[in-house]
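Proteins come first, then strands; the chains are lettered A, B, ... in the order of their sequence lines, and each starts at number 1. If you're wondering where the values come from, they're calculated on a predicted model, not measured in any experiment.
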Amino acid sequence: MEERYDFARLEEKWRRRWEEADLYRCVEDEERPKKYILVMFPYPSGPAHMGHVANYNLGDVLARYFRRRGMNVLHPMGWDGFGLPAENAAIRSGVHPSKYTWDNIALLKEGLQRLGYSYDWSRELATCDPEYYRWTQWFFLKFYERGLAYKALAWANWCPSCRTVLANEQVVGGRCERCDTLVEQKALPQWFLRITDYAERLLADMDQLSGWPESVLTMQRNWIGRSEGCEVTFRVKETGQEIPIFTTRPDTLWGVTFFLLAPEHPLVDELTEGTPYREGVQAFRERLKGVSAIERTSLEAEKDGVFLGAHAVNPVNGEEVPIWTANFVLMEYGTGAVMAVPAHDQRDFEFARKFGLPIKVVIQPPGGDLRPEEMTEAYVDPGIMVHSGPFEGLDSEEGRTVRVPDYLEERGWGKRAVNYRLRDWLISRQRYWGVPIPIVYCSRCGMVPVPEEDLPVLLPEDVEFIFEGPSPLERSEEFRRTVCPRCGGEAERETDTMDTFVDSSWYYLRYASPRDKDRPFDPRAVRYWLPVDQYIGGIEHAIMHLLYSRFFTKVLKDLGMVDFDEPFTNLLCQGMVVMGGAKMSKSKGNVITPEGFIDSYGADTLRLFILFLGPPEADKEWNEAGIEGAHRFLHRVWRLVHRYLDILTFKTQPVPEDAEVLKRLSHLTHRTIKKVTEDIERFAFNTAIAAIMEFTNGLYREIEEYPDAFNTYEGHEAIRSLILLLAPFAPFITEELWEEVGGEFSVHQQPWPDYDPRLARSERITLVAQVDGKVRDRIEVDADVAEEEMERIALSSPKIRKNLEGREIARVVVVPGKLVNIVTR
RNA sequence: GCCGAAGUGGCGGAAUGGGUAGACGCGCUGGUCUCAAAAACCAGUGGGGUUUCCCCGUGCCGGUUCGAGUCCGGCCUUCGGCACCA
């Protein structure tokens, strides 16, 4: 028997034993209920850091808990291997992205293994493994076949000095992070996935996501940004061209006094070609360089724009209004053109005031009389339509939703339309370290998809990494030159790679059958394991990753590959581990790694400490003060169990069966089982641990005073329950202690302890007596005290009577089993 | 700026359905043990006062209620996301 808590030795011992016993391997078993618990896989940026520990702790506790509740648990781990940092490393230090990534994966894996997470490592995957990314390419082809992947012009950050495309991250203050040159926007032909086709379903199916935090659903709903309104066609007076616009306020059509185009709108160039206005447009665009869309569209941003010398004709009244281009109009939203109604839209109002454009009131507030010259802001609320042709005097809400849309449709000037803020998903990246898009360009056949049997399109190893100029793939002759799969003639490969969010949009499916050579996943395995029962990940992924994964799942359902609509039934979004208020990241240089702490205190201590730091959803400021406390607690448990083992070794006095101490032990045990069980179910791991600490403190008090009481059924039950309850949180020490108390290997395979509600219930409660809502006395009473009895006890309390002297009782509020409040006049 | 969160002792946090604010832990103070120290154990620990008791107190201002950390309205600060970081 080991007397000292030698965490290093025992953690090493059990790590090996678990591996030998293949304790966490899982296989499909139709006889048992399954539970798929998944924590978002990491980008391998280096060794494990505290953020990873905080993340993966949560999944591991749940996996261990549900296994012991008899569930067949799938708890896998893998690597989101592609990404920008690997390529930056290659440029900076000449390390090949592949080596950089696989080295980091090895480091990170070692860190996670030291922490004792119960993954089925046989299912490990990496998105940068050709065996994985061939299927990412395969999915691209399926999307392409269904018309869900298409190529179109799109804007990219362009550094004119480096002649390269920049990620948003590489643009700092509107300038290139390397050479400080003002970043421009450049239009490139790029690949998109048609997520907007699924906007309606992404919204509608949210009613299946009752297991998601409401805040995440709200963010997604707002991101999709569905709005109902009308599409109305204006005509350019000078050229006769038709320009459709989208508006949610058709009731304000009679108040249009000018017309706006996004700066990137092709008509801006067309209309000003060879006119004196061209110069103004150039100057305006120059001012927009280096200004992000967020800044441009900020409500507080200074309005900017220029007149284009042309006019738009309003279909409803034939009025000709000037066409301008303005900074706050986005090409990506709607049609890139808007009708401007300065009286009833704040941004239009500010623009009109700045450039002296007319303001025309067409909605009067109820009982009000707005005059354009007196207005200080736009009137955006409903009211009565005025100066609006046939709709004079109509309620604007009726005009907006029914009458005006009908009117436009009857005359063919416009139609009801739904617009989304959501844009199609731009997946093209002009980078090396990603999945090559499996498309070939043939001079004869045009764009040709790579046949399935030719997948994967492998990334060439031998390429050059420099920051400037075209991407390594584009410069690689060897990669680009190929033959057309259709005609066999000379052809060129697509050199764009895919956004890494594509890789992570389907990895949860691959875990079901990670070694399948013939398909992305085995439908039978997926039918058994999917959807993910509990998904866990950072709140920073609330929108994009989760939305893209939902989209992928829906497309897969349409392809007949899965039979569910939503990939993640329940979602837990945890906060981040922050350092000095900022999230831990290598680029900020504030990464704390677990290794040193594991060396000094052991993995159990670190796991326990991080869980104890606070609730999962909250951000956690890293502060190592307190880790000693977690270690001290494990030491206390260790010593308590050994004290108990000592008692068993020596003969002890028999304890009478009705002894109060035995009742107290039972109550303490069952109360704790109840509390810990309920807390785990609601992810309150910090309070579950606090309850186990209280349990330990309570047992200490009893064992000091009544050691004999521990050589009884109640004593054995208490000690064994302590070990069983602590096991999901501190898997190593509990395995050792379990063995020492004669438990059967493994503690992690023991059924979760049950509690007896009668024993968990307290017999006495504290009755709180208040006068006018202020606590004046606390009286201990039987738990099953009647309401009238509570009132009588409170009123007879000397402290209460003293407080009531000279006052008249107005009423008495009794909260059964809790409190009596005496209200005076 | 827009969308979504969060603000409670010296610190991390607890209070699960409107009902005892501060569980549990850290830190600190005092004590026991020791030649001494460490460890361990015991006691105390929101602020204030006229200290058997009373007052104040959950970011700020206001409201609802017998009763508000919790609900409502308005603000402030911090964090996350904003479509090429993942």
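- Across A:K675, A:R682, A:K674, a single residue satisfies salt bridge (Lys or Arg N to Asp or Glu O under 4.0 Å) together with A:E678, and that is A:K674.
- The side chain of A:Y43 has B:A86 as its nearest neighbour among B:A23, B:A86, B:A40.
- For the pair A:R682 and A:A167, both in contact range of RNA chain B, the more 5′-proximal nearest nucleotide belongs to A:R682.
- Note: CD1 (A:I224) to C1' (B:C82) measures 15 Å, nearest angstrom.
- In this structure, A:R639 reaches the B:C41 phosphate: one of its side-chain N or O atoms is under 4.0 Å from OP1 or OP2.
- For A:R632 and B:G27, the shortest distance from a side-chain N or O to OP1 or OP2 is below 4.0 Å.
- Atom P of nucleotide B:G80 and atom CE of A:M544 are separated by 14 Å, given to the nearest angstrom.
- Nucleic acid contact for A:H545: none, since no nucleic acid atom lies under 4.0 Å from a heavy atom of the residue.
- A:L546 has its CG atom 21 Å from the P atom of B:C3, to the nearest Å.
- Here the C1' atom of nucleotide B:G12 and the CE atom of A:M693 are 12 Å apart, to the nearest Å.
- Rounding to the nearest 0.5 Å gives a distance of 7.5 Å between CD1 of A:I627 and CD1 of A:I610.
- Per the geometry, CG belonging to A:N697 stands 12 Å off C1' belonging to B:C41, to the nearest Å.
- Within the nucleic acid shown, A:L613 comes within 4.0 Å of sugar-phosphate atoms alone, with no base atom in reach, counting heavy atoms only.
- Across all strands shown, A:F609 has no heavy atoms under 4.0 Å from either base or sugar-phosphate atoms.
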Reading 5' to 3' through nucleotides 52-57 of chain B, protein heavy-atom contacts under 4.0 Å coded B for base, S for sugar-phosphate only, - for none: -SSSS-
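- Applying the Watson-Crick and G-U wobble criteria (two distances, each under 3.5 Å), B:U29 pairs with B:A43.
- Residues A:G614 and A:V815 each lie close to RNA chain B; by heavy-atom proximity, the contact nearer the 5' end of the strand is made by A:G614.
- A donor-acceptor contact under 3.5 Å is not formed by the side chain of A:E540 with the base of B:C82.
- A gap of 42 Å separates the C1' atoms of B:C41 and B:U78, to the nearest Å.
- A:L84 comes within 4.0 angstrom of sugar-phosphate atoms only, judged by non-hydrogen atoms across all strands, and of no base.
- Of the candidate nucleotides B:G19, B:C84, B:C11, B:C11 has the atom lying nearest to any side-chain atom of A:N623.
- Whole-Å rounding puts the A:D619 CG to B:G13 P distance at 9 Å.
- As rounded to the nearest Å, B:U70 and B:A6 have C1' atoms that lie 15 Å from one another.
- When rounded to the nearest whole Å, the span between OH of A:Y198 and P of B:A83 equals 25 Å.
- Within 4.0 Å (heavy atoms only), A:V165 reaches at least one base atom of the nucleic acid.
- Across all strands shown, B:U20 remains unpaired; no Watson-Crick or G-U wobble contact has both distances below 3.5 Å.
- Surrounding NZ of A:K818 are at most 12 heavy atoms belonging to other residues, nucleotides or ligands under 6.0 Å away.
- Taking side-chain N and O atoms only, A:N686 has a distance below 4.0 Å to OP1 or OP2 of B:A14.
- When distances run from any side-chain atom of A:R778 to the nucleotides B:U20, B:C79, B:C26, the shortest one goes to B:U20.
- Residue A:N222 has its side chain nearest to B:G4 when only B:G80, B:C41, B:G4 are considered.
- A glycosidic torsion no more than 90° from 0 defines the syn conformation, and B:G9 adopts it.
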Base-contact (B) and sugar-phosphate-only (S) positions in nucleotides 61-75 of chain B, heavy-atom cut-off under 4.0 Å, - elsewhere: -----B---------
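- Taking atom OH on A:Y333 and atom C1' on B:A83, their separation rounds to 15 Å, with Å as the unit.
- Phosphate contact (OP1/OP2 of B:A86, side-chain N/O of A:T500, threshold under 4.0 Å): present.
- With sequence neighbours left out, the side chain to side chain contact (heavy atoms under 4.5 Å, CB included) criterion links A:A810 to A:R825.
- Residue-level contact check: A:S504 touches neither bases nor backbone, having no heavy atom under 4.0 Å from any strand.
- Scanning atom types as modelled, one donor and one acceptor separated by under 3.5 angstrom connect the side chain of A:Q430 and the base of B:C84.
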